[in-house]
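Following: one structure in structure tokens, then a few remarks.
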Amino acid sequence: MSRYSIKFKKEGYLKYTSHLDIMRFFQRTFKRADIKLLYSQGFNPHPKMSIAQPLSLGYTSTGDYIEIETESEMNPDNIYEVLNKLMPLGIEIICVKAINQGKKTLAALVEFGEYEIKLGDEYKNLGPLIEPFMKQDKIQVKKLQRKTGIESILDIKPLIHDLTSEDFEGHIKLTMVIRNGSQANLNPELLLQALLDYSNCKKNYSGIEVNRKELYYTQDGKLIKFEDYNC
Amino acid sequence: MTIANKIDQILIKVEKPARYIGGELNSVIKTPGKDEGQFETRFVFAFPDLYEIGMSYLGLQIIYNLLNQEQGIFCERLFAPAQDMEALMREHQIPLFTLETKTAVTQADILGFTLQYELSFTNIVNMLDLSGIPIKSQDRGETDPFVAAGGPCAFNPEPLAPIIDFFMIGDGEELLLEVCRIHLEWKRSGEKRLSFLQTISQIKGVYVPQFYEIKYHEDGSIRDVLKTFDKAPDRIQKRIVSDLETAVFPEFNIVPFIDVVHNRATVEIFRGCIRGCRFCQAGMIYRPVRERSKNKIKELAQSQLKNTGYDELSILSLSTSDYSEIEPLVSELMGVCHTNDVSLSLPSLRLDSFSVKVLEDIQGYKKTGLTFAPEAGTQRLRNVINKSITDENIYYAVEQAISLGWQQIKLYFMVGLPTETDDDLDGIVEIARKITDLFYKSKGNRGKFNITVSISNFVPKAHTPFQWFPQCEISEFKRKHYYLKDKLKMMKNITFNYHGTDASYLEALFARGDRKVCDTLIKAWEIGCKFDGWREHLKYEKWLEAIALTGLSADAYIYGNRNYDTILPWDIIDSGVSKEFLIRESKRSIAELQTPNCNAECQDCGILAMHNCHVKQVKLNEQI
Ligand code: SF4
């Protein structure tokens, strides 16, 4: 019995597949690979397999993680090789690592996510505004409560770890490290909206590309990449 | 902007965008060219309904595998976009595109629709329009794709005849390959469109409607069929794949990302049916019975499971229990499923002691419900329709099932059958009542128990002994539904479902229609009809409007009596089953006589003129 963390990419049209679709996809992949997952006990047993942090429909990711528990111990390099042979275009396994039994689940570990957003050149002048934007005492956004329909004002500043921009082939690329996970969570598009509000740029963006690059947890106040978990 | 770029702008706004992206496991992409692995002929397999429905259809997987194995040919997929997607596509002027390469359908060489049910026909018109292909065959030019169709509804091709350039009748495996190979030659030759159609009209199984002109009597019935191309065959014989053992069958099924109707590995165990139920079109048009060997079935099942990772295996046929080695097959498949840790599902089982036992093994504590399809409520009416199940069969199996712990029984019946009276409806109520009694007798008042009675409306289908019978009137259908509802609602634990009568009326119109029906179809689409097979989308008022606007005597098709000499619109298609046999069966039905099934005694259905019949052969050998 062993635990593994699998880092994978999800690109191209696969950004239109949902969290559930990807779960189903992996479950079948493990079957094809003859990797036997451990099952939970109980009336309705399900395989021990979970995705660290669900990705919104429409986002690509170069840093997604799935955690599995297998019936018998395996060599992570073998898992990596077998799985990669079975991937369709758009999904790729980046690395596989063994994790210790006692450790927290990946899902419980997530604290931050790093996202890249590409915007068209009509947003060129955003770059210099980032510093003053981040220096504000509060960064307030309106948020519509889905259940109640009530709009509330939210200060998202504490949820932002870092925000930078760079020019990129005639586009502007924003990189943000923001809170993710069960304790606190910021939607990258909410931050983008706040920035656009601040800058008086055209607000009705469409066709933006969002890519998740990495997930982080903290240790002694420092952000540590998921990839380096337990190594 | 390319189509791919344009769709990227709208996909995020639609429900289930993964319906439109392709790229699933085991899907195939080829590039144009003459080299190994490239293609010259692009066939687009079109399913005129949503992705989730089409991807659950095994025929798609068969054709896709078959054509993509062939050098020079590329098969892509196409489904009807849902209404939200369609609206955005129209707004952004995006033509209908294929899943594999996001290419406009106008770039296809052959666009082939599968006709699984009549109420998908408006979607075909809509899909042609969304593609920018002229709807009627006569309006298409040299650069347009050929629009083809096949599948069970092609056995009455006439309502679509003005739209479809050519139909393929019967089993598609060999026929489609021949057509595509000829297309490849034709494309290289640079000949005219007409010459391709003329060439393929010489292949057995191909029907090119424009080579036939229909002459009508004053009352609208058919007087004569004239050929406009003298080499076109008088009648089109359906194609039959002789040997399922060697026929191409998918081992690398495309595995959808999204949840579709059936997410499972599926192996067809035999084609055809020995039963001869008189209302059943499939039982007639898929004759003769051809089986796949037990070992081959196991091999295919294993390989599909390996290549897809599915956690369920199912077998497919018209009547599972009639497979010659059903008991060993099931026990060996249970073995396969056990080793692979997947579940087994056995549809279309006739419920007897063996199958109840098997279902107990398979379902264990997750009992889902047992299904019986007596189809009619009395023995008399079951004699009329030639359904061999008896009351004793039902009660015996139900008693066993109850003692093994089943608490849910589903019963399927048809109403509006020829010669039906209220006594037959009372018979339905009686069966439900007896089953309830059996439950309480065995379990006392303990436990939840539920019976679902589902009623469908009889639609007289082409190539069946009932093809001459009129359909029951709408008002009479409704009366029958309420009659049953009134009686059944007095009883506890009964759930009652019935089909919409509007849908059945339209289904009959297209099941029995001729070429004149096509203008009504196009008109209905023009005024907003599509997805008619979906209860929530069917606009019956619009249909009536279309019928009125085109001056169609719809009732005459549906309620008109046809005698045995009438030329029927589908007579041009030779299903292999002879008219003599159908007439004989039709007369026996009126006389309330059952006809033995093929295993018991060959009935000389006529198929022997076209193909040998294994069932008959086995019988003959036994006699010697
Ligand atoms: S030839 Fe005889 S046995 Fe074969 S399908 Fe026809 S009736 Fe049945």
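Just so we're clear, the structure is a prediction, and the values are computed from it rather than from any experiment. Values below: all heavy atoms of this structure, side chains included; hydrogens, waters and symmetry mates excluded.
Atom CG of residue D21(A) and atom CD of residue E24(B) lie 11.0 Å apart, to the nearest 0.5 angstrom. For the atom pair Y16(A) OH and D8(B) CG, the distance stands at 3.5 Å (nearest 0.5 Å).
The main-chain N or O of D341(B) is found under 3.5 Å from a side-chain atom of K31(A) such that the two form a donor-acceptor pair.
Annotation: cation-pi geometry satisfied between K102(B) and Y13(A) (NZ/CZ under 6.0 angstrom from ring centroid, within 45° of ring axis).
The neighbour count for L89(A) CG, taken as heavy atoms of other residues, nucleotides or ligands under 6.0 Å away, does not exceed 12. Environment of NE2 in H19(A): crowded, with over 12 heavy atoms of neighbouring residues, nucleotides or ligands closer than 6.0 Å. Environment of CD in E151(A): crowded, with over 12 heavy atoms of neighbouring residues, nucleotides or ligands closer than 6.0 Å. Sparse packing is recorded around CD of E36(B), with 12 or fewer heavy atoms of other residues, nucleotides or ligands lying under 6.0 Å away.
Looking only at heavy-atom pairs under 4.5 Å with chain A, the residue among D311(B), I10(B), T308(B), V255(B) that has the most is T308(B).
Annotation for R32(A) and K306(B): closest pair O-NZ, 2.9 Å, computed over non-hydrogen atoms. Closest heavy-atom contact between P88(A) and F257(B): CG-CZ, 4.3 Å. Among all heavy-atom pairs drawn from L57(A) and I12(B), the shortest one is O-CD1, 3.5 Å.
For a residue to count as touching a neighbouring chain, one of its non-hydrogen atoms must lie under 4.5 Å from one of that chain's; by this rule D259(B) touches chain A with backbone and side chain alike. In this structure, chain A has no heavy atom under 4.5 Å from any part of S27(B). Of the atoms belonging to K15(A), it is side-chain heavy atoms, and not backbone ones, that fall under 4.5 Å from chain B. Only the backbone of L86(A) comes within contact range of chain B, with at least one heavy atom under 4.5 Å from a heavy atom of that chain.
Side-chain contact check for I21(B) versus L14(A): some heavy-atom pair is nearer than 4.5 Å.
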(request) Evaluate the criterion side-chain contact (heavy atoms from CB on, under 4.5 Å) for residue pair T29(A) and L25(B); output intermediate values, then yes/no. (result) CA-CA 10 Å; T29(A) 305; L25(B) 177 69; over 6 Å; no
